[in-house]
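The analysis underlying the following values was restricted to heavy atoms, covering all of them including side chains, and did not include hydrogens, waters or symmetry mates. Every chain is numbered from 1, with letters handed out A, B, ... down the list of sequences.
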Protein chains: 2
Amino acid sequence: MDFNIDVASRTPIYRQLAEQIRSAIARGRLQENSRLPSVRDLSRRLVINPNTVARVYTELERDGLLVTRHGLGVFVASPGSDLTRKARRERLMLLLDSFFTEAVLLGFTAEEVREFVQDRSAQFQWQAGV
Amino acid sequence: MDFNIDVASRTPIYRQLAEQIRSAIARGRLQENSRLPSVRDLSRRLVINPNTVARVYTELERDGLLVTRHGLGVFVASPGSDLTRKARRERLMLLLDSFFTEAVLLGFTAEEVREFVQDRSAQFQWQAGV
DNA sequence: TCAACTGTACTATTTGTGTTAGTACAGAAG
DNA sequence: CTTCTGTACTAACACAAATAGTACAGTTGA
């Protein structure tokens, strides 16, 4: 995995890194049980503080995306959220609404947006239908 | 328009208010040329600082969503972004990707998401097809 | 003209977040 | 036992977020 950090950006480093890891998992570029770089290794490569990397790993473990085995490293967890379906749906709707809001304000039509959604969807690793 | 602020939230007040105004415009609950509450009035109603409201209005004017007429008040601007189509598309794709990422990580299937998109779309005031 | 509204600009202060730095501790592997 | 792993903690600095207060300028209507 190759991550990259823009220190000039106004979005915090730990957010940038966390989003890149989430995205990599959702797209299948990081598979279940695969190991992530060590805190010290990654911090050296990105030229950021080890604490910042550790913070990201801790946050993602709290979200159930990563599992750390002490002394061994950090690994991608098995998929599956512990939230109720209602909670998961509400969380997703917030993002959907902000997406639609931006789409309208940017002047896109409903047709255009439908097309974007259709095309872009292929880049993600969806769970098989229940 | 009724706005509400959660001071206990970790998201900044000015972000909460800005998002609510953006959303109201995108959904058509705030129509073109309609007037927003004055800085002092709204700050009194929400029990926040006038500066915070002024900051939000300034930001949204910079984004082209609002227009202020000195001495008269702040109004909803005419729709239309000054960005190029490419820039607008890239901006929207960032939001679409984070939506898809969250959807996958929450365990939703492609079918479910397609349905969400279809249903929710009706709540927004889309520009007529070109 | 003047009072009362509008937004704008500025400084000062407080609080919290983001980041780095450094040290120390504990589990796992060879 | 050395060396890797993640964890925990404190200290320090810079910046963002928010409040408070004051002052200025444009618009309206009595």
Side-chain angles (χ1 to χ4, degrees), chain A residues 1 3-22 25 30 32-78, chain B residues 1 3-22 25 30 32-78:
Chain A
M1 286 305 309
F3 302 110
N4 51 353
I5 296 298
D6 177 11
V7 287
S9 167
R10 51 270 156 230
T11 72
I13 294 175
Y14 84 94
R15 287 271 92 241
Q16 293 182 44
L17 181 55
E19 282 316 305
Q20 287 181 37
I21 295 176
R22 297 176 77 91
I25 296 176
L30 272 178
E32 183 179 348
N33 289 326
S34 65
R35 183 170 173 276
L36 277 81
S38 81
V39 166
R40 290 172 179 80
D41 178 28
L42 188 52
S43 71
R44 239 179 284 119
R45 276 159 50 194
L46 298 180
V47 197
I48 60 179
N49 198 280
N51 289 343
T52 305
V53 177
R55 172 178 182 177
V56 171
Y57 284 176
T58 301
E59 170 188 328
L60 294 180
E61 176 166 32
R62 190 172 37 72
D63 289 352
L65 272 71
L66 300 180
V67 172
T68 123
R69 289 184 236 162
H70 205 156
L72 292 178
V74 175
F75 303 82
V76 178
S78 308
Chain B
M1 284 304 311
F3 303 111
N4 52 352
I5 295 300
D6 177 11
V7 287
S9 168
R10 51 271 155 230
T11 71
I13 295 174
Y14 83 95
R15 286 271 94 243
Q16 294 182 44
L17 181 56
E19 282 316 306
Q20 288 180 36
I21 295 176
R22 297 177 75 91
I25 295 176
L30 272 178
E32 184 179 348
N33 289 328
S34 64
R35 181 170 174 276
L36 277 81
S38 82
V39 166
R40 290 171 178 81
D41 178 30
L42 187 52
S43 71
R44 239 178 284 118
R45 274 159 49 193
L46 298 179
V47 197
I48 60 179
N49 197 281
N51 289 341
T52 305
V53 177
R55 173 178 180 178
V56 170
Y57 285 176
T58 301
E59 171 188 326
L60 294 180
E61 176 166 33
R62 191 173 36 72
D63 289 353
L65 272 71
L66 300 180
V67 171
T68 124
R69 289 184 236 161
H70 205 156
L72 291 179
V74 175
F75 302 81
V76 178
S78 309

Which ones in residues 3-16 of chain B lie close to DNA chain D, meaning a heavy atom under 4.0 Å from one of its atoms?
-> Pro12(B), Ile13(B), Tyr14(B)
Which residues pass the side chain to side chain contact (heavy atoms under 4.5 Å, CB included) test with Thr58(B), sequence neighbours left out?
-> none
How about Leu60(B) and Ile21(B): do any of their side-chain heavy atoms sit closer than 4.5 Å?
-> yes
Side chain to side chain donor-acceptor pair (under 3.5 Å) contacts touching residues 61-71 of chain A (sequence neighbours left out) | Arg22(A)-Asp63(A)
Classify every nucleotide of nucleotides 2-11 of chain C by which part a protein heavy atom approaches to under 4.0 Å, writing B for the base, S for the sugar-phosphate alone and - for neither, in 5'-to-3' order.
-> ----BBB-B-
Euclidean distance, atom CD1 of residue Ile48(B) to atom C1' of dT15(C) [Å, nearest integer] | 17 Å
Under 4.0 angstrom between Thr52(A) side-chain N/O and dG18(C) OP1 or OP2 = no
Measure from CG on Asn49(B) to P on dT15(C) and round the result to the nearest Å.
-> 15 Å
Rounded to the nearest Å, what distance is computed from the CG atom of residue Leu42(A) to the P atom of nucleotide dT5(D)?
-> 11 Å
Residues 11-18 of chain A, side-chain donor-acceptor partners within the protein, below 3.5 Å, at least two apart:
unit_1, atom_1, unit_2, atom_2, d
Thr11(A), OG1, Ser9(A), OG, 3.1
Arg15(A), NH1, Glu19(A), OE2, 3.2
Arg15(A), NH2, Glu59(A), OE1, 3.2
Arg15(A), NH2, Glu59(A), OE2, 2.4
Gln16(A), OE1, Asp6(A), N, 2.9
Gln16(A), NE2, Asp6(A), O, 3.0
Gln16(A), NE2, Thr11(A), O, 2.8

Minimal heavy-atom distance between Glu32(A) and Ala77(A), with the atoms involved, is CG-O, 3.8 Å
Side chains of residues 35-42 of chain A: which donor-acceptor partners sit under 3.5 Å, not counting sequence neighbours?
unit_1, atom_1, unit_2, atom_2, d
Arg35(A), NE, Leu72(A), O, 3.2
Ser38(A), OG, Asp41(A), N, 3.0
Asp41(A), OD2, Arg45(A), NH1, 3.3

Report the distance from atom CZ of Phe3(A) to atom CG of Leu46(A), rounding to the nearest 0.5 Å.
-> 8.0 Å
Interatomic distance, Ser43(B) atom OG to Ile5(B) atom CD1 [nearest 0.5 angstrom] = 11.5 Å
Would you work out how much the helix from dT1(C)-dA30(D) to dG30(C)-dC1(D) bends between its ends, with each end axis defined by five base pairs, to 10 degrees?
-> 20°
